[in-house]
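Down below is the structure, laid out as structure tokens.
What you see is a predicted model, and the numbers here were worked out from it, not measured in a lab. We name chains A, B, ... by the order of the sequence lines, and we start the count at 1 in each one.
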2 protein chains.
Amino acid sequence: MPTEPSYGEGRQSLVDAAIAVVAESGLRNLTYRSVARRAGVSHALVAHHFGSRDSLLVAAVERALERSLDEAPLEDSGGLERWGQALARSVATHPDLHAFQFEMALEARRNPEFQPHVERLYEAYRSATRRALRRHGIDDPAMAQIAFAALDGLVFQQVVLGHESWTRDGVRALRRLLAHVVGV
Amino acid sequence: MPTEPSYGEGRQSLVDAAIAVVAESGLRNLTYRSVARRAGVSHALVAHHFGSRDSLLVAAVERALERSLDEAPLEDSGGLERWGQALARSVATHPDLHAFQFEMALEARRNPEFQPHVERLYEAYRSATRRALRRHGIDDPAMAQIAFAALDGLVFQQVVLGHESWTRDGVRALRRLLAHVVGV
DNA sequence: TCACAATCTATCCATATGGATAGTTTGTCA
DNA sequence: TGACAAACTATCCATATGGATAGATTGTGA
């Protein structure tokens with residue numbers, strides 16, 4: 001059950017609640033009342049702070065990026081295996097955050113308002129992957145792209161199927177593959 | 001505008017309409033009325049044929065698998081590059097079918113009723129990838145897994161961002177990577 | 001302390017929804 | 001041709017929703 005936020009923390013609670021509700025129940029069940037219930041506030045506060053459901057979601061995507069920056073070492077990804085295993089751990093400890101991001105990626109397809117925000121999210125992960133590869137002397141954009149796609153696919157499948165070990169094994173296999181290109 | 005289906009085709013129209021509505025507007029907008037409107041029938045027919053929204057979705061996933069089997073050469077995937085490029089083409093010509101599948105994958109996470117159906121879908125794609133790799137003499141499950149994850153990631157990004165060329169480039173890079181393992 | 005703005009709640013309202021119900025239409029078979 | 005079941009429509013109903021509105025609460029600064 002949600003504890004009621006302190007006075008003035010309502011807005012922030014609604015943003016975090018939006019991420020949780022979407023991850024747990026899908027975008028379908030994100031209503032003014034469901035998110036307010038989760039945040040422990042009145043549903044009219046959604047309209048007050050955000051004016052619309054879409055604006056709430058924009059704020060939630062920004063928040064997800066913030067939390068991702070805290071969570072996975074996007075800024076200091078280390079080498080490929082460290083980066084990949086950090087992703088697996090992040091998904092295992094915060095599956096909802098990642099599920100939310102995938103939900104919003106699909107939604108961005110349908111609603112242009114979300115596109116810049118979702119692209120910023122994607123770019124953060126892509127950059128981290130490029131950085132990780134560069135640590136191994138790989139500077140080929142095509143290699144970075146396929147490595148990122150592989151990690152994206154592994155993470156999506158971990159979110160959907162819940163097998164962290166699959167991601168870890170997959171990261172190892174990716175590292176072995178890339179080892180052929182240059183010493184990884 | 002939907003043309004009304006012939007008498008007796010209502011059920012099938014609703015199933016195909018469900019895929020279209022979900023892909024275009026998300027699971028959130030899949031209501032009895034929206035899907036019926038799309039199918040050109042009365043909304044009461046959803047309850048009549050399916051009893052519930054979830055049952056309609058189960059039928060829709062089955063239908064998606066069927067259409068995927070028709071669409072992409074799942075049974076005869078050829079080599080890796082042929083399989084990968086076929087996927088890119090399939091996404092480009094039928095983005096909605098693939099978007100629907102990703103939506104349902106995320107939904108399966110929240111609703112166990114969909115899990116077996118979504119896993120069957122995933123397994124079809126995974127098998128095709130294994131088959132494609134085997135054509136090149138690669139029989140390592142870990143390699144198959146990372147190749148499938150990479151394709152999954154490429155396809156997801158193509159659905160989300162719409163760049164078919166990215167998928168094609170990515171497939172080429174994947175083939176180059178795997179060429180190091182054995183001649184691809 | 002008081003005034004004010006921001007935050008918040010409770011409630012009302014119009015509309016949309018899932019689903020039930022009664023009736024109509026269609027196709028099949030004897 | 002008529003009976004019957006399946007398919008289908010139109011309509012009603014109870015409930016949920018987004019959003020507006022009025023009032024209450026809180027914090028800040030003079």
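Counting heavy atoms from C-beta on, the side chains of A:Q158 and A:E164 come closer than 4.5 Å.
The separation between A:N29 atom CG and C:dG18 atom C1' is 14 Å, rounded to whole Å.
The aromatic rings of A:H180 and B:H180 sit parallel to each other, their planes meeting at less than 30°, with 60° as the upper class boundary.
Between A:S52 and B:E9, the residue whose closest nucleotide on DNA chain D is further toward the 5' end is B:E9.
Under the 3.5 Å distance criterion, the side-chain polar atoms of B:T129 are left unmatched by any main-chain donor or acceptor of B:F148.
Under a 4.0 Å N-O distance rule, the pair A:R109/B:D96 qualifies as a salt bridge. Salt-bridge formation is detected for the pair A:R176/B:D140: a Lys NZ or Arg NE/NH1/NH2 atom is positioned less than 4.0 Å from an Asp or Glu carboxylate oxygen.
Of the residues in residues 10-27 of chain A, none has a non-hydrogen atom less than 4.0 angstrom from any atom of DNA chain D.
The two atoms that bring B:H98 and B:S90 nearest to each other are NE2-OG, 2.8 Å, heavy atoms only. Nearest heavy-atom pair, B:L14 versus B:A36, reported as atom, atom and distance to 0.1 Å: CD2-CA, 3.9 Å. Looking at every heavy atom in both residues, B:L27 comes nearest to B:R53 through O-NH2, 2.9 Å. The nearest pair of heavy atoms linking A:A39 to A:P5 is O-CD, 3.1 Å.
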**Request:** Determine, for nucleotides 23-30 of chain D in 5'-to-3' order, which nucleotides have protein heavy atoms under 4.0 Å from the base (write B), from only the sugar-phosphate (write S), or from neither (write -).
**Result:** --BBS---

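Partner A:E81 forms a salt bridge (Lys or Arg N to Asp or Glu O under 4.0 Å) with one of A:R175, A:R168, A:R135 and no other, that one being A:R175.
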Contact list (N/O, under 3.5 angstrom) for nucleotides 9-17 of chain C vs protein:
unit_1, atom_1, unit_2, atom_2, d
C:dT9, OP2, A:S42, N, 2.7

